[in-house]
Q: 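I have a structure I would like to understand better, so I am pasting it below and will then ask my questions one at a time.
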Amino acid sequence: MLHGRHILLIMSGGIAAYKAQLLIRLIQRAGGTVQAILTESATEFVSPLTVSALSGRPALTELFDLTQESEIGHIELSRSADLIVVAPATANLLAKLAHGLADDLASTCLLATDTPIMAAPAMNVRMWEAAATRRNMTVLRDDGVIVVGPDEGDMACGEYGPGRMAEPEAILEAIEAHFQGADGAKPLAGRHVIVTSGPTREPIDPVRYISNASSGKQGTAIAEALAAQGARVSFVTGPAEYANPRGCEVIRVTTAREMDAAVGAALPADVAVFCAAVADWHVTNPAQIKIKKDSGGNPPLLDFAPNPDILKRIAALEPGGRPELVIGFAAETGDLEARAREKFAAKGCDWLLANDVSAERGVFGGDATEIVFFDASGHTSWGAMAKTAVAQRLAQKIAAHFR
Ligand code: C5P
């Protein structure tokens with residue numbers, strides 16, 4: 001039920017933390033993976049070592065442990081998860097979440113994400129019934145936090161009433177129901193989409209390369225929009241500033257030939273969107289050592305060979321191997337319509353999104369663009385819009401195609 005699902009499990013400090021360890025096993029048995037975070041007080045109840053051993057990944061405890069990561073660690077942590085489960089969720093952590101406090105790794109991850117959050121409260125009955133907790137729970141429910149439990153029963157402190165953490169089996173059921181509900185109704189559920197994004201880099205010598213200014217913003221926005229429609233997205237990206245779309249499998253490549261191979265390996269797919277700004281040529285004789293400025297007084301001679309045209313190759317695949325929808329982009333500097341029409345014919349794709357990337361328009365690296373959309377029936381201007389809006393519109397068109 002949870003195959004391919006990655007859960008960020010945040011354990012806060014309560015006696016129920018020992019039960020949350022069973023939840024790790026249950027999620028794994030259902031096919032999911034777990035990354036655990038323990039608040040400082042959770043470590044009083046369970047050992048990070050045990051949790052690491054159970055989850056198969058180092059349990060994280062400290063905000064500043066993450067500095068070795070190239071990405072901003074906590075943002076990456078919470079973004080890479082399909083769901084964040086807080087179990088047990090203490091009154092204190094729930095209060096922090098309700099008020100947006102971020103003073104440790106757990107609360108920072110919760111604040112730094114728009115991944116859905118599920119919380120299994122666990123606390124003393126008086127704390128659960130306190131006016132402040134009730135207020136906080138109303139806020140959290142309004143914010144979209146899915147609340148599981150608490151159960152009623154004998155408490156570790158000797159009292160009786162609501163406040164016991166829901167049983168791990170019940171939390172697992174809620175997790176499974178969440179994913180079923182989240183995906184079942186979505187128009188692209190069960191569809192596989194490949195998105196290429198960013199620039200490619202073609203080496204000249206070990207330290208120099210030929211590339212372009214593609215930021216990866218448009219590709220990232222498209223991948224996220226498609227994932228939000230329920231598609232499984234393989235995101236093949238060159239070295240770009242924006243290369244971490246939420247909810248997608250990210251495949252990082254450097255050169256055009258690597259991108260071509262990665263796209264081939266990701267097939268079969270229902271849809272392929274070619275958003276990458278692929279270098280047309282690569283240097284056939286990249287130097288093995290850094291080329292020296294004074295090497296004979298002459299500038300170095302570089303030999304070039306054409307790169308594979310990935311879009312063209314995939315569009316030309318036989319039916320059965322060819323994605324049902326092959327979508328290309330055209331970045332032109334002037335004479336947009338005529339050039340895009342030629343490109344649409346030459347590439348053999350089903351749809352083409354053309355935009356003018358002349359420097360004064362600030363499309364490369366910017367947040368907005370102006371698309372002219374081509375398909376077999378002609379072309380339509382979408383007007384100026386945010387790249388995220390382009391992504392939404394394209395994702396909706398793809399969804400409509402499969403309906
Ligand atoms: O020929 P041009 O580079 O203008 O074509 C742009 C479209 O083709 C984009 O969709 C781009 O991702 C794709 N492309 C590709 N492989 C190449 C060159 C372009 O997939 N080698």
Side-chain angles (χ1 to χ4, degrees), residues 193-203 209-223 226 233-240 242-243 245 251-267 269 271-284 304-317 321-323 325-358 361 363-364 369-375 379 382 387 390-391 394-395 397-398:
V193 183
I194 301 172
V195 178
T196 70
S197 181
T200 62
R201 228 179 234 185
E202 308 298 335
Y209 53 81
I210 296 169
S211 190
N212 61 66
S214 169
S215 64
K217 268 187 192 170
Q218 185 65 82
T220 295
I222 289 171
L226 290 165
V233 181
S234 300
F235 182 76
V236 182
T237 178
Y242 296 86
I251 302 143
R252 291 175 206 280
V253 298
T254 305
T255 66
R257 286 163 294 163
E258 286 169 12
M259 184 172 276
D260 186 45
V263 168
L267 289 170
V271 185
V273 185
F274 293 91
C275 201
V278 184
D280 293 317
W281 303 87
H282 66 269
V283 179
T284 52
F304 289 94
N307 276 330
D309 189 320
I310 313 168
L311 166 60
K312 205 166 171 175
R313 179 173 84 77
I314 300 299
L317 290 176
R322 185 191 192 275
L325 267 184
V326 176
I327 303 166
F329 272 75
E332 304 296 341
T333 50
D335 218 0
L336 182 67
E337 240 176 75
R339 289 202 183 142
R341 186 171 298 115
E342 272 169 34
K343 193 155 287 177
F344 181 52
K347 296 277 189 179
C349 53
D350 303 295
W351 298 350
L352 184 89
L353 284 76
N355 57 0
D356 189 332
V357 296
S358 304
R361 293 185 177 250
V363 170
F364 260 60
T369 188
E370 208 173 323
I371 294 288
V372 182
F373 177 88
F374 287 76
D375 66 8
H379 68 274
W382 285 4
K387 287 181 178 174
V390 170
L394 181 62
K397 261 189 106 59
I398 293 172

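Atoms within a ligand are numbered from 1 in the order they appear, just like the ligands themselves. This chain uses plain numbering: 1 for the first residue, then up along the sequence.
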Q: With a 4.5 Å cut-off on side-chain heavy atoms, are Thr333 and Ser358 touching?
A: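 In contact.
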Q: Closest by any non-hydrogen atom to atom 14 (N) of ligand 1: pick that one out of Ile314, Asp309, Asp280, Ile327.
A: Asp309
Q: In terms of residue, atom name and distance, what is the protein heavy atom nearest to atom 20 (O) of ligand 1?
A: Leu311 N, 2.9 Å
Q: Starting from atom 18 (C) of ligand 1, locate the nearest protein heavy atom and write down its residue, its atom name and how far away it is, to 0.1 Å.
A: Val278 CB, 3.7 Å
Q: Among all protein heavy atoms in this structure, tell me which lies nearest to atom 4 (O) of ligand 1, with the distance rounded to 0.1 Å.
A: Lys343 NZ, 2.3 Å
Q: Identify, for atom 1 (O) of ligand 1, the protein heavy atom at the shortest distance, and state residue, atom and that distance.
A: Lys347 NZ, 2.9 Å
Q: Between side-chain atoms of residues 209-223 and protein atoms elsewhere (two or more places apart, or another chain), which donor-acceptor pairs fall under 3.5 Å?
A:
from, atom 1, to, atom 2, distance (Å)
Tyr209, OH, Arg201, NH2, 3.4
Ser211, OG, Thr200, O, 2.8
Asn212, OD1, Ser214, N, 3.0
Asn212, ND2, Ala277, O, 3.0
Ser215, OG, Lys217, N, 3.2
Lys217, NZ, Gly365, O, 2.9
Lys217, NZ, Asp367, OD1, 2.8
Gln218, NE2, Lys387, O, 3.0
Thr220, OG1, Gly216, O, 2.8
Thr220, OG1, Tyr242, O, 3.1

Q: Can you name the nearest heavy-atom pair linking Ile314 to Arg322, along with the distance?
A: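 Shortest heavy-atom separation between Ile314 and Arg322 comes out as O-CG, 3.6 Å.
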Q: State whether the shortest distance between N or O atoms of Ala330 and N or O atoms of ligand 1 falls below 3.5 angstrom.
A: no
Q: Donor-acceptor check, side chain of Asp309 to backbone of Lys312, threshold 3.5 angstrom: yes or no?
A: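 Here the side-chain-to-backbone pair exists.
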Q: Main chain of Gly198, side chain of Thr237: is a donor-acceptor contact present, judged purely on distance under 3.5 Å?
A: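 Flag not set: sc Thr237 to bb Gly198 has no pair under 3.5 Å.
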Q: Is the closest N or O pair between Phe329 and ligand 1 shorter than 3.5 Å?
A: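 Among all N and O atoms of Phe329, at least one is under 3.5 Å from an N or O of ligand 1.
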Q: What part of Ala331, side chain from CB on, backbone N/CA/C/O, both or neither, has a heavy atom under 4.0 Å from ligand 1?
A: neither
Q: Among all protein non-hydrogen atoms, which one is nearest to atom 21 (N) of ligand 1, and what is the separation to 0.1 Å?
A: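 Closest protein heavy atom to atom 21 (N) of ligand 1: Pro308 O, 2.8 Å.
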Q: Please list, in number order, the atoms of ligand 1 under 4.0 Å from a heavy atom of Gly328.
A: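 Checking each atom against Gly328, I get 10 (O).
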Q: Looking at Phe373, does the NZ or CZ of Lys397 lie under 6.0 angstrom from its six-membered ring centre and within 45 degrees of the ring axis?
A: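 Output yes; distance and angle both within limits.
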Q: Considering non-hydrogen atoms of the protein only, which is the closest contact for atom 16 (N) of ligand 1, and what is the distance?
A: Ile310 N, 3.0 Å
Q: Donor-acceptor pair, Glu202 side chain versus Ala256 backbone, under 3.5 Å?
A: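 Checking the backbone N and O of Ala256 against the side chain of Glu202, a donor-acceptor pair under 3.5 Å is found.
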Q: So is Ala276 touching ligand 1 or not, going by heavy atoms under 4.0 Å?
A: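 Distance cut 4.0 Å: Ala276 passes for ligand 1.
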Q: Can you tell me if Asn307 uses its side chain to pair, donor with acceptor, with the backbone of Ala279 under 3.5 Å?
A: yes
